[in-house]
2 protein chains.
Amino acid sequence: MNRPAGKADPVMFSLLEAAHALEQRLESALAEVGLSMAKYGVVSQLARAGQPLALGELATRQSCVRSNMTQLIDRLEADGLVRRVDDPGDRRSVRAAITRLGEERAAAGARAMKRVQDDFAASIPPRDREVLIRMLAGVK
Amino acid sequence: MNRPAGKADPVMFSLLEAAHALEQRLESALAEVGLSMAKYGVVSQLARAGQPLALGELATRQSCVRSNMTQLIDRLEADGLVRRVDDPGDRRSVRAAITRLGEERAAAGARAMKRVQDDFAASIPPRDREVLIRMLAGVK
DNA sequence: GCGGGACGGTTCATAGGTGAACAAAATATC
DNA sequence: GATATTTTGTTCACCTATGAACCGTCCCGC
């Protein structure tokens with residue numbers, strides 16, 4: 001994202017840089033199957049749910065605001081990965097239904113994610129794993 | 001950023017979540033002095049440089065593309081924290097000069113950053129510090 | 001000296017994110 | 001049952017970021 005620069009304590013910035021590098025790797029792995037992190041989040045959520053989900057529900061699950069989900073679903077709909085469907089039980093609500101193509105992309109995306117993840121796991125010495133988990137939990 | 005969700009390996013996502021939480025804390029600490037991470041990066045760079053810097057140079061230092069710096073400087077100029085000045089030696093070049101107000105904000109931003117940083121450092125057991133540094137370096 | 005790159009900044013389209021304001025619909029509350 | 005409140009999605013304005021296209025300027029090689 002940016003270079004806060006300066007001498008500063010290197011640990012915090014190392015953490016931010018490492019996370020950023022990791023995000024870049026995930027983004028480019030997903031890009032190969034025509035997805036972004038944001039889009040993958042939604043289609044994988046829908047694929048796992050096995051049924052259409054309300055936009056507000058999706059926003060909650062992806063921890064973002066509703067207006068963001070509106071736009072994201074606009075783009076996913078334009079990509080043909082998702083369809084907006086009415087909720088017969090609540091006329092305010094709009095639900096997102098995954099398409100066949102969306103399911104295929106979600107599956108391909110999951111494989112791409114797994115490759116990066118395995119790669120990452122392999123770069124962490126098993127001995128250090130617990131230490132890392134413990135420290136990261138403390139940051140939240 | 002988003003919730004990749006699923007069971008998945010928790011370590012990678014813990015790292016991403018921790019970094020995200022940290023970024024949020026930095027953003028809100030800076031927001032109290034009217035800055036964002038992006039803006040702080042530029043004004044602190046200029047304050048440290050002690051002289052106007054070319055936009056391309058700033059973009060390189062902040063690791064972003066030049067078009068992004070153009071817009072960021074637009075906003076900083078609107079905020080009155082920075083001024084565009086000509087480079088007498090190269091008529092293509094545009095340099096950013098920090099204003100008095102910009103210097104004040106940079107200083108206030110640095111204090112805000114330091115608070116978060118100290119807070120973060122305190123949450124890392126000194127014993128684990130080296131382990132964390134080593135692992136994060138391996139992720140790059 | 002001049003023609004062709006290389007370089008520097010801007011503009012535009014696109015993507016992803018936020019928060020405020022809004023209309024329509026669903027619920028409470030009385 | 002009529003009124004007030006909450007909830008839902010959208011729209012809008014804004015911020016940050018990228019990459020392509022563009023234009024003016026600089027500089028190199030000939």
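None of the values given here were measured: they were computed from a predicted structure. All heavy atoms count here, side chains included; hydrogens, waters and symmetry mates do not. Residue numbering restarts at 1 for every chain, and letters A, B, ... go by the order of the sequence lines.
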Atom-to-atom span, NZ of A:Lys39 to C1' of C:dT14 - whole angstrom: 10 Å

Beyond-backbone contact of A:Leu30 with A:Lys39, side-chain heavy atoms, under 4.5 angstrom: no

Base of D:dT7 paired with side chain of A:Arg92 (donor-acceptor, under 3.5 Å): yes

Nearest-Å distance for atom pair CG/C1', residues B:Asp79 and D:dT16: 14 Å

Atom-pair distance (CE on B:Met69; P on D:dA17), nearest Å: 8 Å

Shortest non-hydrogen separation from A:Arg84 to A:Thr70 and the atoms involved: NH2-O, 3.2 Å

A:Asp87 (side chain) donor-acceptor with A:Gly89 (main chain) under 3.5 angstrom: yes

Along DNA chain C (nearest heavy atom to each residue), the more 5'-positioned of A:Ser67 and B:Val94: B:Val94

Worked check of salt bridge (Lys or Arg N to Asp or Glu O under 4.0 Å) between A:Glu57 and A:Arg61: CA-CA 6 Å; A:Glu57 173 62 20; A:Arg61 296 197 193 190; 2.7 Å; yes

Whole-Å distance separating the CG atom of B:Asn68 from the C1' atom of C:dG8: 16 Å

Minimum-distance nucleotide (side-chain atoms of B:Arg91 versus C:dG16, C:dT10, D:dT25): D:dT25

Under 4.0 angstrom between A:Arg75 side-chain N/O and C:dT14 OP1 or OP2: no

Sugar-phosphate only, base, or nothing, as touched by A:Arg95 at under 4.0 Å among non-hydrogen atoms: nothing

Along DNA chain D (nearest heavy atom to each residue), the more 5'-positioned of B:Gln71 and B:Arg66: B:Gln71

Length of the line joining A:Met37:CE and D:dT16:P, which is rounded to integer Å: 21 Å

Nearest-nucleotide comparison on DNA chain C, the residue closer to the 5′ end among A:Val65 and A:Asp90: A:Val65

Side-chain (A:Gln45) to main-chain (A:Leu58) donor-acceptor, under 3.5 angstrom: no

Separation of C:dG9 P from B:Leu58 CG (nearest whole Å): 9 Å

Side-chain N,O (B:Ser93) to OP1/OP2 (D:dT25) below 4.0 Å: no

Whole-Å gap separating C1' (D:dT18) and CG (B:Leu72): 14 Å

Atom-to-atom span, CG of B:Asp86 to P of D:dT25 - whole angstrom: 12 Å

